[in-house]
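Read the structure below first, then the notes.
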Amino acid sequence: YRREKNKILGTVLLPLNLTVNDPKKGIVWAPDGRVRSTWNAHVTAPGRLSSSKPNLQNIGSRKGQGKLKTLFAAQPGNLLVGADLDQAHLRVTACYWQIPLLLECFSEGKDPHNTLAYQVFGDKFKSADGWGPDGFSLYKKPPGGMAKAMRDVMKTFRYASIYWADPMTVWQVLTSTESDNGEMPYLHMTSKEVRHFHETWLKLEPEWMQAWERMQALFRHQGYMEEPVLGRRSGNLTDGKKNEVVNFPILAAETSVMRIAEQALIEAFPWDFERKHGLIHQCHDSVAIEFPAPPGLEKWGPKKGEPLPAELEAVRKKVEELMTVRVPGWEVVMTTEASVGRNLKEA
């Protein structure tokens, strides 16, 4: 707890207090109160943007950081519209590695984490408490109880395992993962349990291992990996380290999808540096755009349960349309969800 609070204090709050015009010292510029992060385009192997001074991609919703996003707000007279790709990793993986279960989930609207939990836990997941009045479903996330806990552990397990991590590595990830409320629900999970999950998963879905082995064979043959959307090539990936070999084409393809979506957004919401409009933030598969509030909505703020005003709903839908990307030959469309608010947390 102390470590996380010190991290928030040192990496976000104290730097934001430096209101000077020296880019080596200050992050918040005194004349206008704007935060100006540094965005680096040539740092990460998959081609993702990275952020520094401050790292705006490291201000998450978990580990007690949820309120931090409220600090980053649109200036008076503007609003923010935010959007992120729906389950981008799994959609890219399903299409590129041709994983039948994932393709079926996306084509039929099933929840992939519910489906994996049902495969691993069977009737224990089906009869667990927390499903609500509608009961067990492969399509809707359980709202709480043991059913939600079982789904959550399978979600964390899948994302920890997706790049050919061994069971011990997955166990370490699970036992150090915090939930939204700061608790560590998997802290006492044993390595034997995780190994059982791993073996059951690969037995039920052997296509994962086949895909990983194909990726490694391809790297041995050509000495690099190539992502399937825009064709960008990797370097030597630590001389063929297995996790990096299978990681690169998926993350780099997601990055290329984002580049396509971002270009469409920039054309529809061109930068206006004087009035501070345009694409202002990117975090892997999500973006935020600052735009002028329609007349009469300058002081509008979202209220839970209330629909958006028609003018803002039109902006939200436009962003969702622009960030819907269809990759030729892929069965699954890359879709997105957008929302409007006054700060990053709301948007």
Side-chain angles (χ1 to χ4, degrees), residues 23 27 29 32-59 69 72-89 91-92 227-232 251-295 297-298 308 311-328 330 333-347:
I27 294 171
W29 283 38
D32 61 7
R34 302 282 298 191
V35 175
R36 289 172 171 82
S37 177
T38 298
W39 295 92
N40 314 293
H42 304 288
V43 176
T44 63
R48 284 175 162 180
L49 291 178
S50 69
S51 170
S52 55
K53 298 181 182 180
N55 183 353
L56 292 180
Q57 296 174 327
N58 198 35
I59 300 172
K69 286 188 175 181
F72 302 92
Q75 68 179 26
N78 291 349
L79 292 171
L80 298 179
V81 55
D84 64 344
L85 296 176
D86 297 325
Q87 298 178 315
H89 277 39
R91 288 172 185 261
V92 172
E227 60 90 357
V229 178
L230 297 180
R232 195 169 61 82
L251 289 185
E254 178 190 315
T255 300
S256 293
V257 169
M258 283 299 294
R259 292 294 175 271
I260 294 169
E262 286 165 8
Q263 189 57 43
L265 291 172
I266 290 168
E267 292 173 5
F269 297 90
W271 277 300
D272 183 328
F273 293 106
E274 184 177 341
R275 292 183 291 178
K276 310 297 190 295
H277 299 163
L279 185 65
I280 63 165
H281 184 243
Q282 190 248 51
C283 185
H284 308 322
D285 61 355
S286 67
V287 295
I289 298 167
E290 192 164 355
F291 68 100
L297 295 174
E298 292 84 357
L308 290 176
E311 303 95 322
L312 300 184
E313 177 64 13
V315 173
R316 190 191 70 80
K317 283 187 175 180
K318 183 177 183 179
V319 169
E320 288 189 345
E321 290 171 5
L322 293 169
M323 284 191 69
T324 298
V325 177
R326 291 172 173 81
V327 179
W330 283 14
V333 176
M334 305 299 290
T335 59
T336 192
E337 264 185 66
S339 54
V340 180
R342 301 204 66 86
N343 57 57
L344 281 183
K345 183 173 176 61
E346 294 172 348

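Owing to the predicted nature of the structure, the values given are computational and were not obtained by experimental measurement.
- Sorted by first then second residue, the salt bridge (charged side-chain N to carboxylate O under 4.0 Å, His left out) pairs that include residues 276-285, not counting sequence neighbours, number zero.
- When all heavy atoms are compared, the tightest approach of L308 to R316 is CD1-CD, 3.7 Å.
- In terms of modelled atom types and a separation under 3.5 Å, the side chain of T336 and the main chain of D84 share a donor-acceptor contact.
- Here Q87 pairs with nothing under the side-chain hydrogen bond (donor to acceptor under 3.5 Å, both in side chains) rule; sequence neighbours left out.
- At least one donor-acceptor pair under 3.5 Å links the side chain of E290 to the backbone N or O of Q75.
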Exercise. Yes or no on side-chain contact (heavy atoms from CB on, under 4.5 Å) for M323 and M334, after CA distance, side-chain angles and deciding distance?
Worked result: CA-CA 8 Å; M323 284 191 69; M334 305 299 290; over 6 Å; no

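- Other residues, nucleotides and ligands place more than 12 heavy atoms under 6.0 Å from the CZ atom of R34.
- The backbone N or O of A347 sits less than 3.5 Å from a side-chain atom of S339, completing a donor-acceptor pair.
- We find the CG-CZ distance between L56 and R36 to be 12.5 Å, quoted to the nearest 0.5 Å.
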Exercise. For N343 and K69, what are the C-alpha separation, side-chain angles and deciding distance, and is it a side-chain contact (heavy atoms from CB on, under 4.5 Å)?
Worked result: CA-CA 7 Å; N343 57 57; K69 286 188 175 181; 5.6 Å; no

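- Checked by atom type, the side-chain pair S256/E227 shows a donor-acceptor distance below 3.5 Å.
- Each of I289, V287, L265 was evaluated against V81; a single residue qualifies, I289, per the side-chain contact (heavy atoms from CB on, under 4.5 Å) test.
- Annotation: side chain of W39 is not in contact with side chain of S52 (no heavy-atom distance under 4.5 Å).
- The NE2 atom of H42 sits 9.5 Å away from atom CG of L49, with the distance rounded to the nearest 0.5 Å.
- W271 pairs by the side-chain contact (heavy atoms from CB on, under 4.5 Å) definition with I266, F273, L279, not counting sequence neighbours.
- Residues H281 and L344 are in side-chain contact: their nearest non-hydrogen atoms beyond the backbone lie under 4.5 Å apart.
- Applying the salt bridge (charged side-chain N to carboxylate O under 4.0 Å, His left out) test between E254 and each of R48, R259, R91 identifies R48 as the sole match.
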Exercise. V229 and W330: side-chain contact (heavy atoms from CB on, under 4.5 Å), yes or no, with the steps?
Worked result: CA-CA 10 Å; V229 178; W330 283 14; 3.9 Å; yes

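- A side-chain hydrogen bond (donor to acceptor under 3.5 Å, both in side chains) with S50 is found for exactly one of T44, N40, T38, namely N40.
- Counting heavy atoms from C-beta on, the side chains of P292 and H277 come closer than 4.5 Å.
- With a 6.0 Å cutoff to the six-membered ring centre and a 45° limit on the axis angle, K318 counts as a cation-pi contact of F269.
- Between L85 atom CG and H284 atom NE2 the span is 12.5 Å, to the nearest 0.5 Å.
- In E337, the CD atom is not crowded: 12 or fewer heavy atoms of neighbouring residues, nucleotides or ligands sit closer than 6.0 Å.
- For the pairing with F291, the side-chain contact (heavy atoms from CB on, under 4.5 Å) check across V340, L80, V319 returns one residue only, V340.
- Contact annotation: the side chain of V333 never approaches that of V325 to less than 4.5 Å [non-hydrogen atoms, C-beta and beyond].
- Between P294 and L312, some side-chain heavy-atom pair lies under the 4.5 Å cut-off.
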